[in-house]
Amino acid sequence: MGEIVNFRQARKARDRRQAEQQATENRARFGRTKAEKQRDTAEQERLRRELDGAKREEDGEGA
C-alpha cells in the first residue's frame with residue numbers, strides 16, 4: 001500500500017518552494033547596494049566605449 005498524500009498540503013508545499021525560488025532570484029537581482037549598481041553601470045559603459053572604439057568604419061563600398 002502506498003503513502004497517503006494530502007493534496008492540499010502537497011500543493012501548499014509546492015507553492016512555498018516556488019515562492020522561495022522566486023524570492024532567491026529577486027534577492028540576487030534587486031538586493032544590491034547603490035555602489036554596486038553604479039559600479040556595474042560604469043563597467044557596462046566602459047565595455048561599450050571599448051567596443052565602439054574597436055569598430056571598423058563602414059565606407060559604403062561593397063566588399
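- Ion pairing between a basic and an acidic side chain is recognised when a charged N comes within 4.0 Å of a carboxylate O; Glu43 and Arg39 show no such pairing.
- Taking 4.0 Å as the cut-off between side-chain N and carboxylate O, Glu20 and Arg16 do not count as a salt-bridged pair.
- Here the straight-line distance linking atom CG of Asp40 with atom CD of Gln44 works out to 7.5 Å at 0.5 Å rounding.
- For Arg11, there are no side chain to side chain donor-acceptor pair (under 3.5 Å) partners at least two apart in sequence or on another chain.
- No donor-acceptor distance shorter than 3.5 angstrom exists from the side chain of Gln9 to the backbone of Asn6, with no hydrogens or angles considered.
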Practice prompt. Evaluate the side-chain contact (heavy atoms from CB on, under 4.5 Å) criterion for residues Asp15 and Gln18: first the C-alpha distance (whole Å), next the side-chain angles of each, then the deciding distance (0.1 Å), finally the verdict.
Written response: CA-CA 5 Å; Asp15 292 345; Gln18 289 175 345; 3.9 Å; yes
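- Minimum interatomic distance between Arg32 and Arg29 (heavy atoms only, all atoms of both residues): NE-O, 3.9 Å.
- A side-chain donor-acceptor contact under 3.5 Å links Asn26 and Gln22.
- Atoms NZ and CZ, from Lys37 and Phe30 in turn, are 8.5 Å apart once rounded to the nearest 0.5 Å.
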Item to complete: Would you please test Gln21 and Glu25 for side-chain hydrogen bond (donor to acceptor under 3.5 Å, both in side chains) and show each step?
Response: CA-CA 6 Å; Gln21 177 65 31; Glu25 291 173 8; 3.2 Å; yes
